[in-house]
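Below, chain A is the first sequence line, B the second, and so on; all start at residue 1.
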Protein chains: 2
Amino acid sequence: MSYSIGEAAKMVGLTAHTLRFYDKEGLLPFVKKTSSGLRAFTESDIEWLKIIECLKGTGLPLKQIKQYIDWCMEGDATIPQRLNMFIEQKKRVEEQKAKWEKHLEKINFKIKYYEDAAQHGDLNVFERNPKLLEEKKKLFED
Amino acid sequence: MSYSIGEAAKMVGLTAHTLRFYDKEGLLPFVKKTSSGLRAFTESDIEWLKIIECLKGTGLPLKQIKQYIDWCMEGDATIPQRLNMFIEQKKRVEEQKAKWEKHLEKINFKIKYYEDAAQHGDLNVFERNPKLLEEKKKLFED
DNA sequence: GCTTGACTTAGAGTTAACTCTAAAGATTAA
DNA sequence: TTAATCTTTAGAGTTAACTCTAAGTCAAGC
């Protein structure tokens with residue numbers, strides 16, 4: 001059993017247009033076509049799409065995703081490259097997570113700041129609460 | 001004391017080109033110019049840039065960042081909108097973090113998978129370790 | 001058999017966010 | 001004062017990742 005491009009698209013939360021675009025970019029060399037030329041997505045193809053989504057969702061550009069797919073198609077000789085790619089990606093994700101953590105602290109500060117401001121209808125927050133000013137300096141000093 | 005566009009750019013890790021682009025897009029209405037027409041960035045302007053970086057770094061499009069800046073320029077009446085914006089942004093960041101967490105699990109799985117494959121020089125990982133296949137199914141079932 | 005809707009391709013268009021260029025003016029160091 | 005190195009503008013060009021269009025083909029239900 002297999003899925004049409006529209007069904008596959010729905011299953012992974014993309015559009016058929018996007019899947020065709022990926023195919024054109026060489027990201028879906030594994031997808032076969034029926035005798036009449038329609039793409040037929042297998043369960044295994046859907047898993048490929050999920051891996052692509054995972055890599056795209058963690059910020060890997062399509063070009064590098066294609067590189068990975070190409071390695072997969074080349075066979076066992078490229079296992080070290082593929083392992084290395086995932087190790088690098090893990091590193092990037094963790095760096096990104098750390099960055100977001102820092103950004104989140106700033107956002108939380110701003111929420112505190114504007115909550116006070118909203119309550120009083122003005123921005124004299126630091127005059128009311130000088131400790132917040134210290135906190136701000138720490139958060140934005142780098 | 002104030003900074004030239006190049007100095008400011010260096011301080012926040014952007015290029016002078018990018019800062020001019022931001023200015024053109026209306027993101028830097030607070031930056032004043034010298035009598036001879038050069039932009040002069042104050043300490044306070046640098047802080048603005050850091051907030052912009054925080055919002056951009058957590059995925060907010062420049063258009064919406066401009067909306068926030070515009071609200072700031074409008075005065076106290078827009079405090080509720082600004083508070084709301086940061087609350088929404090916090091929500092987005094936390095959703096994104098959760099997504100990345102899931103992606104990271106898949107990446108960690110792939111690392112395990114390819115480590116085994118690299119050790120043996122082939123991809124018969126699931127024949128050697130059927131438990132990994134179960135783990136894979138759980139990770140990619142959604 | 002016919003209609004309706006999904007599929008095919010090539011290729012054009014869009015959007016966001018830069019990124020660069022050219023020509024001219026400003027600033028700094030020797 | 002002069003050379004080198006900024007900075008200014010308007011506007012063009014780039015890149016990634018879609019997004020859409022047109023004209024035609026295919027498939028499923030009646």
Side-chain angles (χ1 to χ4, degrees), chain A residues 1-29 31-42 45-46 48-49 51-70 89 92 96 99 103, chain B residues 1-29 31-42 45-46 48-49 51-70 89 92 96 99 103:
Chain A
M1 213 265 166
S2 69
Y3 307 100
S4 75
I5 195 169
E7 290 167 332
K10 206 168 269 179
M11 288 171 83
V12 296
L14 296 169
T15 70
H17 279 310
T18 302
L19 288 184
R20 278 188 212 105
F21 166 70
Y22 284 1
D23 199 4
K24 198 157 43 174
E25 295 292 297
L27 267 77
L28 316 179
V31 176
K32 300 281 177 284
K33 297 198 179 171
T34 66
S35 53
S36 51
L38 303 197
R39 288 179 189 81
F41 288 76
T42 66
D45 293 347
I46 303 292
W48 276 107
L49 292 181
I51 293 161
I52 289 172
E53 272 304 278
C54 169
L55 292 171
K56 188 178 58 128
T58 50
L60 200 68
L62 296 190
K63 259 189 196 174
Q64 292 184 53
I65 297 177
K66 174 173 161 39
Q67 169 69 275
Y68 166 66
I69 306 269
D70 288 346
Q89 189 60 5
R92 277 191 288 267
Q96 195 58 34
K99 238 184 234 171
H103 288 323
Chain B
M1 211 266 167
S2 67
Y3 307 99
S4 75
I5 195 168
E7 290 167 333
K10 207 170 270 179
M11 288 169 84
V12 295
L14 295 169
T15 69
H17 279 310
T18 300
L19 287 184
R20 279 189 212 105
F21 167 71
Y22 285 179
D23 200 4
K24 198 158 41 174
E25 296 292 297
L27 268 76
L28 315 179
V31 175
K32 301 279 176 287
K33 297 197 178 171
T34 66
S35 53
S36 51
L38 303 196
R39 290 177 188 81
F41 288 76
T42 66
D45 294 347
I46 303 292
W48 276 106
L49 293 181
I51 292 163
I52 290 172
E53 273 303 279
C54 170
L55 292 171
K56 188 178 58 125
T58 50
L60 200 69
L62 296 189
K63 260 191 195 170
Q64 294 185 51
I65 297 177
K66 174 172 160 41
Q67 169 69 276
Y68 166 67
I69 306 269
D70 288 346
Q89 188 62 5
R92 277 190 288 268
Q96 195 60 34
K99 236 183 238 172
H103 287 323

Colleague: Starting at CG of Asp23(B) and ending at P of dA17(C), how long is that distance when rounded to a whole Å?
Modeller: 16 Å
Colleague: Between atom CD in Glu7(B) and atom C1' in dC6(D), what is the gap in whole Å?
Modeller: 10 Å
Colleague: List the residues meeting side chain to side chain contact (heavy atoms under 4.5 Å, CB included) with Ser36(A), not counting sequence neighbours, and say none if there are none.
Modeller: Thr34(A), Leu38(A)
Colleague: Provide, to the nearest angstrom, the distance between the NZ atom belonging to Lys66(A) and the P atom belonging to dA16(D).
Modeller: 14 Å
Colleague: Using OP1 and OP2 only, check whether a side-chain N or O of Ser4(A) sits under 4.0 Å from dA6(C).
Modeller: no
Colleague: Can you tell me if the side-chain N/O atoms of Arg39(B) get under 4.0 Å from OP1 or OP2 in dT8(D)?
Modeller: yes
Colleague: Which parts of nucleotides 18-25 of chain C does protein reach within less than 4.0 Å, heavy atoms only, written one letter per nucleotide 5' to 3' as B for base, S for sugar-phosphate only and - for none?
Modeller: BBBB----
Colleague: Give me the atom names and distance for the closest heavy-atom approach of Ile46(A) to Ala8(A).
Modeller: CD1-CB, 3.9 Å
Colleague: Would you be so kind as to tabulate the donor-acceptor pairs closer than 3.5 Å made by side chains of residues 14-22 of chain B, with sequence neighbours excluded?
Modeller:
| from | atom 1 | to | atom 2 | distance (Å) |
| --- | --- | --- | --- | --- |
| Thr15(B) | OG1 | His17(B) | N | 3.4 |
| Thr15(B) | OG1 | Thr18(B) | N | 3.0 |
| Thr15(B) | OG1 | Thr18(B) | OG1 | 2.9 |
| Tyr22(B) | OH | Lys56(B) | NZ | 3.2 |

Colleague: Checking Glu7(A) side chain against Ser4(A) main chain: does a donor-acceptor pair fall under 3.5 Å?
Modeller: yes
Colleague: I need the CG-P distance between Leu19(A) and dA6(C), as an integer number of Å.
Modeller: 16 Å
Colleague: Within the distance-only criterion (no hydrogens, no angle test), does the side chain of Gln89(B) pair as donor or acceptor with the backbone N or O of Thr58(B) below 3.5 angstrom?
Modeller: yes
Colleague: Atom NZ of Lys10(B) to atom C1' of dC6(D): distance rounded to whole Å?
Modeller: 12 Å
Colleague: What is the distance, to the nearest angstrom, from the CG atom on Leu60(B) to the C1' atom on dA17(C)?
Modeller: 14 Å
Colleague: CD of Gln67(A) versus C1' of dA16(D): gap in Å, rounded?
Modeller: 18 Å
Colleague: Is there a side-chain contact between Ile52(B) and Ile69(B) in this structure, where contact means two heavy atoms from C-beta onward sitting under 4.5 Å apart?
Modeller: yes
Colleague: In this structure, how many angstroms lie between the C1' atom of dT25(D) and the CD1 atom of Ile5(A), rounded?
Modeller: 15 Å
